[in-house]
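First comes the structure, then the notes that go with it.
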There are 2 protein chains.
Amino acid sequence: MSTTPETAPKRGSRLPRLARRAQLLEAAQEVFVANGYHAAAMDDIADRAGVSKPVLYQHFPGKLELYLALLDSSCDAIVASVQDALKSTEDNKLRVAATMHAFYDYVANAQGAFRLVFESDLTNEPAVRERVDRVTHACAEAVSEVISADAGLSREQSMVLAVSLVGMAQVSARYWLGAGDPSFPQQQAADLVASLAWRGIRGFPRTDT
Amino acid sequence: MSTTPETAPKRGSRLPRLARRAQLLEAAQEVFVANGYHAAAMDDIADRAGVSKPVLYQHFPGKLELYLALLDSSCDAIVASVQDALKSTEDNKLRVAATMHAFYDYVANAQGAFRLVFESDLTNEPAVRERVDRVTHACAEAVSEVISADAGLSREQSMVLAVSLVGMAQVSARYWLGAGDPSFPQQQAADLVASLAWRGIRGFPRTDT
DNA sequence: GGTTTCGTGGAGGTCAAGATCGGCGTGCAA
DNA sequence: TTGCACGCCGATCTTGACCTCCACGAAACC
């Protein structure tokens, strides 16, 4: 009848509010990444954090807000990473490589946070859709500025090219991660795709065959 | 305007089994495309088809099976389209262009069936994940054969490049469709991205700067 | 050391959505 | 004309997940 008298590792320990919130966010990210939004239950998140559900609801108004908090972090992370990569040099070839590596780093690390952005199962929710689209748009816009500055293309044209490069990075990085081939390391894959991107984009708008 | 010009779905009219099934599939595709899997209710699908829910369950065992039937059609369509495009010529530059146009055609037409493949919100379901991954894999493999035949790269390398090109086509086509800019027609966008892809992939494995 | 306060925990309400049963009407055959 | 068979519909059930209510215990303060 009585619960285990000896103190469980985390069960029952009181934490400062911010620490508790951080712990809840971490637990929620693990569950959302592993199961997606719909298959993730608030019970699972609370259990994973070692607390009960009311505690969760004292920190977040609902499941959607909890998800959006994590999604915002993930979106900000990848966008900032890409922007930093683009600002890291003035050599466009190195820029392409740095940006490609930024995508691969993000996919390979960040505890799978990329799944929240690139594999969300809540894209019908307008708030989610808006954030996910914003990531592609922001990354592409940063790339597009570099393209249009050097190539003299129209805004729509350079945006389509930029989105193409972003899609290339995003899809290939996810494929590389899913393949999980240890004989094909991250650096090598990212460099290969970066060379593909650079060969494609350099020299625009030359139209030779 | 409704996209059903002639079929008069009168409430209470009896249809042959196959015709009814086709009608149900069409209605289900509209609802799934518009709302995604989770937000789509079986009631909505039945209403859209002008029948009641029991009829739906007499044709399909459950919601998942109905979805998978549609998903299979969409997957087969895009894979076949890409394979046809690759077989349509022996000139690799034209191959790239034809394949890119295949993606753009698929996204622009097919009543939004591409959403089932590229924007599914049921990727946590293994059966769905398997089919969606299979599309990218099959398309990339077809592209990869052409690449490795001409470039002498390893299988893993040519697959990563092929997946990159597929991702480029897929993401840029969806972006172009979402932008909905009438002054930037499909043909022009597809050609632009095709030229990006061709500049990138031609001449591999040259490694000059 | 006692009291007060606040956070925690288990048990429960509510509701939406997938999945199913008793009437009903139509068309065919005798 | 009339009985029969078959497919369709309204109404219902159940499940599962999000979201709160009543006891307990630990910390803080005088």
Side-chain angles (χ1 to χ4, degrees), chain A residues 1-25 27-28 31-32 34-71 121-122 124-125 127-128, chain B residues 7-25 27-28 31-32 34-71 121-122 124-125 127-128:
Chain A
M1 168 179 182
S2 66
T3 57
T4 56
E6 51 272 12
T7 60
K10 291 185 177 181
R11 200 82 175 178
S13 67
R14 291 164 85 103
L15 267 66
R17 198 170 170 79
L18 281 177
R20 179 68 81 193
R21 180 186 163 94
Q23 185 201 12
L24 290 175
L25 283 170
V31 174
F32 279 133
N35 302 96
Y37 180 84
H38 291 101
M42 294 295 266
D43 306 68
D44 298 345
I45 296 171
D47 285 350
R48 168 77 70 146
V51 299
S52 68
K53 267 188 292 181
V55 184
L56 202 50
Y57 283 95
Q58 282 161 7
H59 283 264
F60 302 96
K63 190 184 184 183
L64 179 61
E65 288 78 12
L66 175 56
Y67 186 78
L68 288 179
L70 292 167
L71 183 62
D121 58 344
L122 198 65
N124 301 287
E125 176 65 37
V128 173
Chain B
T7 58
K10 287 188 298 184
R11 192 83 173 185
S13 68
R14 293 192 172 196
L15 268 66
R17 212 177 156 73
L18 280 178
R20 180 66 83 193
R21 181 187 162 92
Q23 185 201 12
L24 291 174
L25 283 171
V31 175
F32 280 133
N35 302 97
Y37 180 83
H38 291 101
M42 293 295 266
D43 306 69
D44 298 345
I45 296 170
D47 285 350
R48 168 77 70 148
V51 300
S52 68
K53 264 192 295 182
V55 182
L56 203 50
Y57 282 95
Q58 283 161 8
H59 283 264
F60 302 96
K63 190 183 184 185
L64 178 61
E65 288 78 11
L66 175 56
Y67 186 78
L68 288 179
L70 293 167
L71 184 60
D121 59 345
L122 199 64
N124 300 289
E125 176 66 35
V128 174

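Residue numbers begin at 1 in each chain, while the letters A, B, ... track the order of the sequences.
- Of the residues in residues 61-68 of chain B, none lies under 4.0 Å from DNA chain D by heavy-atom distance.
- Here the nucleotide nearest the side chain of B:Arg20, chosen from D:dC8, C:dG18, C:dG9, is D:dC8.
- Nucleotides of DNA chain C nearest to B:Ala40 and A:His59 differ in position, and the one nearer the 5' end is that of A:His59.
- Side-chain contact between A:Asn35 and B:Asn124 is absent, with no heavy atoms from C-beta onward closer than 4.5 Å.
- As a whole-Å value, the separation of B:His38 NE2 from D:dG16 C1' is 13 Å.
- Remark: P of D:dT12 and NZ of B:Lys53 are 13 Å apart, rounded to the nearest angstrom.
- Spacing between atom CG of A:Asp44 and atom P of D:dG16 amounts to 14 Å, rounded to whole angstrom units.
- Listed nucleotides C:dG18, D:dT20, D:dC18 differ in distance to A:Met42; the shortest reach to its side chain belongs to D:dC18.
- Closest heavy-atom contact between B:Ala49 and B:Leu24: CB-CD2, 3.6 Å.
- Looking at residues two or more places apart in sequence or on another chain, you find a side chain to side chain contact (heavy atoms under 4.5 Å, CB included) between B:Asp44 and B:Val31, B:Ala41.
- In this structure, B:Ala39 reaches neither bases nor backbone, as no heavy-atom distance under 4.0 Å exists between it and the strands shown.
- Remark: B:Ala127 pairs with B:Leu68, B:Glu125, B:Arg131 by the side chain to side chain contact (heavy atoms under 4.5 Å, CB included) rule, at least two apart or across chains.
- As a whole-Å value, the separation of A:Leu56 CG from C:dT8 P is 12 Å.
- Across C:dT20, D:dC18, C:dT8, the shortest atom-to-atom separation from the side chain of A:Ser52 is found for C:dT8.
- Heavy-atom nearest nucleotides on DNA chain D were determined for A:Asp43 and for A:Pro54, and the one closer to the 5' end corresponds to A:Asp43.
- Close to D:dC8, at under 4.0 Å from its OP1 or OP2, lies a side-chain N or O of B:Gln58.
- Distance CD (B:Glu125) to P (C:dG18): 15 Å, rounded to an integer number of Å.
- To the nearest angstrom, C1' of D:dA17 lies 12 Å from CD1 of A:Ile45.
- Closest approach to the B:Val51 side chain among C:dT8, D:dC9, C:dG18 is made by D:dC9 (side chain taken as heavy atoms from C-beta onward).
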Polar-atom pairs under 3.5 Å, protein N or O versus N or O of nucleotides 22-26 of chain C: list them with distances, or write none.
from	atom 1	to	atom 2	distance (Å)
C:dG25	N2	B:Arg14	NH2	2.3

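- Contact annotation: B:Tyr57 reaches the phosphate of C:dA19 (side-chain N/O to OP1 or OP2, under 4.0 Å).
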- Task: Just do the side-chain contact (heavy atoms from CB on, under 4.5 Å) check on B:Asp121 and A:Leu122 with the steps written out, would you?
- Result: CA-CA 6 Å; B:Asp121 59 345; A:Leu122 198 65; over 6 Å; no
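- Straight-line distance from the CG atom of B:Asp47 to the C1' atom of C:dG18: 14 Å, rounded to whole Å.
- The minimum heavy-atom distance between A:Arg20 and A:Val51, with the atom names listed, is NH1-CG1, 3.1 Å.
- Here the CG-CZ distance, from A:Leu71 to A:Phe32, works out to 10.5 Å after rounding to the nearest 0.5 Å.
- Take B:Asp43 and apply the side-chain hydrogen bond (donor to acceptor under 3.5 Å, both in side chains) test, not counting sequence neighbours, and it matches B:Lys53.
- Counting all heavy atoms, side chain and backbone alike, A:Ser52 lies closest to A:Ala46 at C-CB, 3.9 Å.
- With rounding to whole Å, B:Arg21 atom CZ is found 18 Å from D:dG7 atom C1'.
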Could you pull out every donor-acceptor pair under 3.5 Å between side chains of residues 54-66 of chain A and any protein atom, sequence neighbours left out?
from	atom 1	to	atom 2	distance (Å)
A:Lys63	NZ	A:Tyr37	O	2.9
A:Lys63	NZ	A:Ala40	O	2.8
A:Glu65	OE1	A:Gly62	N	3.2

